Number of protein chains: 2
Amino acid sequence: MFLRMEAARPRRNEARTRLLDAAVTVLRRQGYAGTTVEDICTEAGVTKGAFFHHFRSKDDLAVAAAGRFSEWLEALFERSGWRGHADPLDRVLAYVDFRIAIFRGAIPQYTCMLGMMVQETYATNPAIRLACEAGIRLHAAPIEEEIAAAMREHGVTGFTAGSLAVHIMAVVQGAFVLAKAVDGPDGAVETLRHLRRYIAMLFREKAP
Amino acid sequence: MFLRMEAARPRRNEARTRLLDAAVTVLRRQGYAGTTVEDICTEAGVTKGAFFHHFRSKDDLAVAAAGRFSEWLEALFERSGWRGHADPLDRVLAYVDFRIAIFRGAIPQYTCMLGMMVQETYATNPAIRLACEAGIRLHAAPIEEEIAAAMREHGVTGFTAGSLAVHIMAVVQGAFVLAKAVDGPDGAVETLRHLRRYIAMLFREKAP
DNA sequence: AGGAACATACCAACTGGTCGGTATGTCACG
DNA sequence: CGTGACATACCGACCAGTTGGTATGTTCCT
C-alpha cells in the first residue's frame, strides 16, 4: 500500500490557510461579533463559497483561528529566546521584558486575540471560550515551569508557581484592556514594569 | 403663582431609567455587539419606540449606560467603606480586599462593563471608548490619591502613585478576563492576592 | 376658569439593509 | 470522469432605526 499522500499537496488548501491568517488579523482588530464572514473573505481574497467549503460555520472558524493564533504566539515567544538564560528567574524576567518590548505599533498588533474574543463569547459560544482558554493555558505552561524551577533554585516559597503564572497572564491581559481604553500603550507598559518589579522582589526577599 | 412642579412627575422618565438599568444588566452580560436594542427593551419592559424616544441611537445608549455603570460602581465602593482606615496604606489594601470579596455569584455580576465594552468598541466607536475611559479614570482617581498619601506617610519612593493605580486597574481587568476564560473566579482571586502582596511588599520594603 | 395649542412619553408596525448560511454551479487535476 | 476546491447567486432571519399614531400632561390666552 502506497496510500500515504501527506505531502502531495502543493497549493492544496491554500485558501484555507489564507482564510485562517485573515481571520486572525481581522478578529484581532474587530473582535468576534464585530467581524463578518465577508470581512474575512475580503481580507483573504476569496469568496464566501470558499469560506463555507473549509469551515462549517463562523464559530468553527473562530475556534480554528484561536488555534492558529496560539501557534503563532508560541512561535513568536520561541523566537524571542526568553528561555535562554542560565537562571530560571532570569528566564521569567526575560519573558516579562519581551512582553514589554512587544508594545509597538498599532493596538491590534500587540494585543491578544484570545483575551479579546473570550470576553465576547464566553457566555454564548462554549467552543470558542474553550479554545481561548486552551491557548492561554498553553502559553502559561512553560512560564509556570520556569517559575517552579526558579522557586526551587532560589529556595522561595509562600505561593504556588501556578498562581504566579496566572497572575502574569492576568496582568498582561489587563494591560491590553487598558491600552485599548486609553488608546495607547504607555499605561500598559508601566503596569508590566510593576509586574517585573514584583517578581524580582518575590525572589530577592529570600535571598541572603 | 405656584409654578414649581419639580415633584409633580409621578412616572416621568420612568422608562428612561428602566432602559438605562436594563442596558447595564444586559450589556454586562452580552457585550455591546452581542446585545440588540430589543434585548434591552425586553429587559426594561418597554417598546422600541420608547427606546428611540429617549436615546438617539444604540451608541448613545451605550455611552449613557457607561455613565450609569460608573455611578453605580462608585456608590458600591463608597458603601464598602474602604477609605475608612487611619493609615492610607490600609485603605489601599482594603480596596483590594473588597475587590476580592466581590467575586461572588455569576460572572456578569462581578465583572466590569467598561472593560468589556471598550475592548469591542475602542476601534469603531470613539464616543463609547471615551465614556469607558472616563469611568475607569474616575474609579482610579481616589485610589491614586490614597497611594500618594501612603507613599508620603511611609516615605516610599521609586514609582509614581499614578502608575501603581493603573497597575491595580490592570490587574482587576485582567482578573475579569481570566475569570471569563476559565469560567470561574478562582484564578482571578489568586491574582488579586498577588497584587495585595505586591502592594504590601512595596511599602514594607522601606519600613525600618 | 376653561379650552385651544403645544409638548412629552410612549406604542405597534414597518423598512431597508446586513449577515450567516445554502444551493448550484464551474473547472482543474488525478 | 468524478471528486475536491473553489466561485456565483441567492435566501431567510435579524436588527437598527423610522413612521405615524395615541394618551396624557403643560402652557398660555381670554
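Protein chains get the first letters and strands the later ones, always in sequence-line order, with residue 1 at the start of each. Nothing here was measured: the structure is a model prediction, and the numbers come from that model.
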Could I get a table of every N or O pair under 3.5 Å where one atom is in the protein and the other is in nucleotides 10-16 of chain D?
unit_1 : atom_1 : unit_2 : atom_2 : d
D:dA16 : OP2    : B:V37  : N      : 2.9
D:dA16 : N7     : B:K48  : NZ     : 2.8

Figure out the CZ/C1' separation between A:F51 and D:dT8, and round it to whole Å. 17 Å
It should be established whether B:H53 places a side-chain nitrogen or oxygen under 4.0 Å from OP1 or OP2 of nucleotide C:dC10. no
Please enumerate all residues that pass salt bridge (charged side-chain N to carboxylate O under 4.0 Å, His left out) together with A:E71, with sequence neighbours excluded. none
Partners of B:D21 by salt bridge (charged side-chain N to carboxylate O under 4.0 Å, His left out), sequence neighbours excluded? B:R68
Closer than 4.0 Å, any side-chain N/O of A:H54 to the OP1 or OP2 of D:dC6? yes
For A:Y110, the ring pair (Phe, Tyr, Trp, His ring centres under 6.0 Å) test, sequence neighbours excluded, returns A:F103
To the nearest Å, give me how far apart CD (A:E14) and C1' (C:dC29) are. 16 Å
N/O to N/O distances under 3.5 Å, protein versus nucleotides 15-17 of chain C:
none

I need the CZ-P distance between A:R16 and D:dG4, as an integer number of Å. 16 Å
Side chains of residues 125-143 of chain B: which donor-acceptor partners sit under 3.5 Å, not counting sequence neighbours?
unit_1 : atom_1 : unit_2 : atom_2 : d
B:N125 : ND2    : B:D59  : OD1    : 3.1
B:N125 : ND2    : B:D59  : OD2    : 2.7
B:R129 : NE     : A:A181 : O      : 3.0
B:R129 : NH2    : B:E133 : OE1    : 2.4
B:E133 : OE2    : B:R137 : NE     : 3.0
B:E133 : OE2    : B:R137 : NH2    : 2.6
B:H139 : ND1    : B:E74  : OE2    : 3.0
B:H139 : NE2    : B:Y95  : OH     : 2.6
B:H139 : NE2    : B:R99  : NH2    : 3.3

Would you kindly give the OH-to-P distance between A:Y32 and C:dC19, to the nearest whole Å? 14 Å
Considering residues at least two apart in sequence or located in another chain, which fulfil the side chain to side chain contact (heavy atoms under 4.5 Å, CB included) criterion with B:E145? B:R83
Could you list the residues that satisfy salt bridge (charged side-chain N to carboxylate O under 4.0 Å, His left out) with B:E38, not counting sequence neighbours? B:K48
Nearest-angstrom distance from the residue atom CG of B:D59 to C1' of D:dG17: 12 Å
What's the separation between atom CD1 in B:I107 and atom CG in B:D183, rounded to the nearest 0.5 Å? 4.5 Å
With sequence neighbours excluded, what pairs up with B:D97 under the salt bridge (charged side-chain N to carboxylate O under 4.0 Å, His left out) test? B:R196
